[in-house]
Amino acid sequence: MIDANQSAGQSRLNRQTAIPALIGDHTDFLIVSGLAGPAKDIGALTQEAGNTFLFGGAMGGAVPMALGLALAQPDKRILCVTGDGDLLMSMGTLATIGALKPANLAVVCVDNALYQETGSQDSHTAMGVNLARIAEGSGFAATRDVTREDQLADASAVLRQTNGPAFVLLRVDATPPPKYARNWHASEMKTAFRKSLLGTR
């Protein structure tokens, strides 16, 4: 259950330390990241290892792609790491995930309550929208609303152990993501990701 006392105004974590602590060993997953900040977070963490696909220029596409991947690859653990703005663009996908209940899918929403990439305008979550409650109401098997370091270990276990879709709302401050010069050649990223998925070189 989500703590109703946790709100957008409460304490927030530093994304550059919280995301690596939450994800831990990234090789436990096939990872799809949202665009902008989360792509930098995941790129810096994994150095674009073959098990990661970083979205760019397709806002709202990460969660639907992760859902399709989870359904197509039920024996693999799929992790989607996206931002609040990206998730708000495809919020209906949470309902579809709740209805289909893929057991191998976890979603992390890195919520800084900002559209940081376009000038740090407030997102809807700054105005009270709680994406963890929406995931819970959509039928996710487990949800966590993380605002403190002592909640990270439990949330990390939820990503790995939940037998059903899991959702972690990671509330972070306005600290920018790590600087990371990503590979923008989508065909190369796709090929590397496919090889990792299939276990080929």
Side-chain angles (χ1 to χ4, degrees), residues 1-2 18-35 37-39 41-43 45-46 48-56 58-111 125 130-146 151-171 189-190 192-199:
M1 295 293 290
I2 298 162
I19 292 172
L22 174 65
I23 294 175
D25 185 354
H26 68 84
T27 63
D28 291 343
F29 308 99
L30 290 173
I31 304 176
V32 177
S33 87
L35 72 173
D41 296 319
I42 297 304
L45 177 65
T46 68
E48 293 185 58
N51 66 318
T52 62
F53 185 86
L54 312 182
F55 258 78
M59 191 168 183
V63 179
M65 176 179 166
L67 170 59
L69 185 61
L71 295 173
Q73 299 290 329
D75 295 330
K76 299 184 184 297
R77 198 76 185 174
I78 312 302
L79 176 64
C80 180
V81 181
T82 193
D84 49 307
D86 189 83
L87 183 54
L88 285 162
M89 182 71 75
S90 61
M91 195 162 57
T93 308
L94 295 179
T96 304
I97 292 170
L100 295 177
K101 302 191 184 320
N104 58 329
L105 176 61
V107 177
V108 172
C109 178
V110 182
D111 181 4
T125 64
N130 186 317
L131 292 168
R133 288 184 183 170
I134 293 169
E136 182 181 45
S138 296
F140 275 64
T143 58
R144 295 293 187 272
D145 192 339
V146 177
Q151 298 170 320
L152 288 167
D154 169 68
S156 183
V158 163
L159 299 181
R160 291 167 166 78
Q161 298 170 9
T162 302
N163 185 25
F167 184 93
V168 172
L169 184 66
L170 184 66
R171 295 188 192 257
M189 292 287 295
K190 178 197 73 173
F193 188 70
R194 186 172 186 274
K195 286 180 178 179
S196 180
L197 186 157
L198 297 175

Minimal heavy-atom distance between Ser33 and Ala39, with the atoms involved, is OG-CA, 3.3 Å
Give a yes or no on whether Arg160 atom CZ has more than 12 heavy-atom contacts from other residues, nucleotides or ligands under 6.0 Å away. yes
Side chains of Asp41 and Val81 in contact at under 4.5 Å (non-hydrogen atoms): no
Judged by atom type as modelled, is there a donor-acceptor pair below 3.5 Å linking the side chain of Arg77 to the main-chain atoms of Leu159? yes
Kindly indicate, with the supporting measurements, whether the criterion side chain to side chain contact (heavy atoms under 4.5 Å, CB included) is fulfilled by Ile42 and Ile23. CA-CA 10 Å; Ile42 297 304; Ile23 294 175; 3.6 Å; yes
For the residue pair Asn130 and Ala132, what are the closest heavy atoms and their distance? OD1-N, 3.0 Å
Can you tell me how far CE of Met65 sits from OG1 of Thr93, rounded to the nearest 0.5 angstrom? 13.5 Å
Under 3.5 Å: donor-acceptor pair, side chain of Ser196, backbone of Phe193: no
Report the C-alpha distance between Leu170 and Leu152 in whole Å, list the side-chain angles of each, state the deciding distance to 0.1 Å, and finish with yes or no for side chain to side chain contact (heavy atoms under 4.5 Å, CB included). CA-CA 9 Å; Leu170 184 66; Leu152 288 167; 3.9 Å; yes
Does the Asn51 side chain pair with the main chain of Phe29, one donor and one acceptor, at a distance under 3.5 Å? yes
In short, Ala49 meets His26 closest at the heavy-atom pair CB-CE1, 3.9 Å
Between Lys76 (side chain) and Leu197 (backbone), is there a donor-acceptor pair under 3.5 Å? yes
Given side chain to side chain contact (heavy atoms under 4.5 Å, CB included), test Met91 with Leu131 step by step and report yes or no. CA-CA 9 Å; Met91 195 162 57; Leu131 292 168; 3.8 Å; yes
Trace of the side chain to side chain contact (heavy atoms under 4.5 Å, CB included) decision for Leu45 with Ile31: CA-CA 11 Å; Leu45 177 65; Ile31 304 176; 5.8 Å; no
Residues in ring-ring contact (aromatic ring centres under 6.0 Å, His included) with Phe140, at least two apart? Phe167
So how far is it from Arg133 CZ to Asp145 CG, rounded to the nearest 0.5 Å? 8.0 Å
Please report the interatomic distance CG(Leu69) to CZ(Phe53), rounded to the nearest 0.5 Å. 11.0 Å
So among Val108, Leu87, Asp111, which one has a side chain to side chain contact (heavy atoms under 4.5 Å, CB included) with Thr82? Leu87
Give a yes or no on this: more than 12 heavy atoms of other residues, nucleotides or ligands lie within 6.0 Å of atom CG of Asp25. yes
Going from CG on Leu79 to CG on Asn104, what distance comes out if it is rounded to the nearest 0.5 angstrom? 11.5 Å
